[in-house]
Every structure is written in structure tokens, then in C-alpha cells.
A.B. asks: 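Before we start, here is the structure in question, set down as C-alpha cells.
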Amino acid sequence: MNKKIKTDAVDHLIDALLCLKTREEGYSLLEDLCTVNELLSLSQRFEVAAMLYGHSTYMEIADKTGASTATISRVNRSLNYGCDGYALIFERLKQQNDEEGQK
């Protein structure tokens, strides 16, 4: 973890995110917290990461998401050399989808 981002304020934000229970609660908090452009940028990067994790090509990702190759490259660097946050959440989402498919 990057020690520069480990602050009381970031801890407080993470605690707030962990309290969310529904998608609607997530929308409410994120709409209050972020501008529309910030939220769209975050969601675009997350989609880029998901597609990279699924082995899509840069061209496929750029076509589907509208992300620049610079953005795709930055996200790819985080996937390969980051703190494994993306991998953690993608594995949990996969497990959640698997469990829902078994119901």
C-alpha cells in the first residue's frame, strides 16, 4: 500500500464505502461525493481493468470503453505492478456471480 494515501481521511472514506449495502446506496454516496465526470472516469478505468483482466486487447478496450491507450496503459500497469486490489475484487465478483448462478 502507498503510504502517501494512508491517512485518517482516506480511512474514513473506506469505512464509509464498506458500510454500503445496496447499489442504490452506492449511487447516492458516489453522486454526492463525485462530479459526474469523476464518477464516469472511475467507472471507465474499472471497465478497462475488467477487460484487461479478461485478456481483451487494447483495441477492443478502446473501442468498447472510449478510453485512450494512455489510460489503458496506466490501468494495465496497476494490474501488473499495483497492490492487487483489482485482482482481489475481480475474484470476489466472480465468486459472487458463481454463487448467484447456483441459486
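Numbers here are sequence positions counted from 1. As a basis for the values below, the full set of heavy atoms in this structure was taken, side chains included, without hydrogen atoms, waters or symmetry mates.
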A.B. asks: What's the spacing between L33 CG and L42 CG if we round to 0.5 Å?
C.D. replies: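 L33 atom CG to L42 atom CG measures 9.0 Å (nearest 0.5 Å).
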A.B. asks: Of the non-hydrogen atoms in Y86 and A49, which two are nearest, and what is the gap between them?
C.D. replies: CE2-CB, 3.4 Å
A.B. asks: Identify the residue among E100, K94, R92 that makes a side-chain contact (heavy atoms from CB on, under 4.5 Å) with Q96.
C.D. replies: E100
A.B. asks: Side-chain heavy atoms under 4.5 angstrom apart, residues restricted to Ile, Leu, Val, Met, Phe, Trp, Tyr: same cluster for M51 and I89?
C.D. replies: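 Yes, same cluster.
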A.B. asks: SG of C34 to CG of L40: how many Å apart, nearest 0.5 Å?
C.D. replies: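 Answer for the SG-CG pair, C34 versus L40, is 10.0 Å.
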A.B. asks: Roughly how far apart are L52 CG and I72 CD1, rounded to 0.5 Å?
C.D. replies: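 One finds 7.0 Å between CG of L52 and CD1 of I72.
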A.B. asks: Can any side-chain N or O of S28 pair as donor or acceptor with the backbone N or O of E24 at less than 3.5 Å?
C.D. replies: yes
A.B. asks: Answer yes or no: does atom CG of N97 have more than 12 heavy-atom neighbours from other residues, nucleotides or ligands under 6.0 Å?
C.D. replies: yes
A.B. asks: Identify which one of D63, I61, T65 satisfies the side-chain contact (heavy atoms from CB on, under 4.5 Å) criterion when paired with S56.
C.D. replies: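 The passing option is I61.
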A.B. asks: For the SG atom of C83 and the CD1 atom of I5, what is their distance to the nearest 0.5 Å?
C.D. replies: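 Between C83 SG and I5 CD1, I get 7.0 Å after rounding to 0.5 Å.
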A.B. asks: Could you please spell out the steps behind the side-chain contact (heavy atoms from CB on, under 4.5 Å) verdict for T22 and Y27?
C.D. replies: CA-CA 9 Å; T22 67; Y27 271 103; over 6 Å; no
A.B. asks: In Å and rounded to the nearest 0.5 Å, what is the CZ to CG distance from F90 to D84?
C.D. replies: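 If we round to the nearest 0.5 Å, F90:CZ and D84:CG are 12.0 Å apart.
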A.B. asks: Please give me the minimum heavy-atom distance between K4 and T7, naming the atom from each residue.
C.D. replies: O-CG2, 4.1 Å
A.B. asks: Give, for atom CG of L93 and atom CG of D98, the distance between the pair rounded to the nearest 0.5 Å.
C.D. replies: 11.0 Å
A.B. asks: Does some side-chain heavy atom of D11 sit less than 4.5 Å from a side-chain heavy atom of K6?
C.D. replies: yes
A.B. asks: Answer yes or no: is there a donor N or O on one side and an acceptor on the other, between the side chain of E25 and the main chain of K21, under 3.5 Å?
C.D. replies: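 Present.
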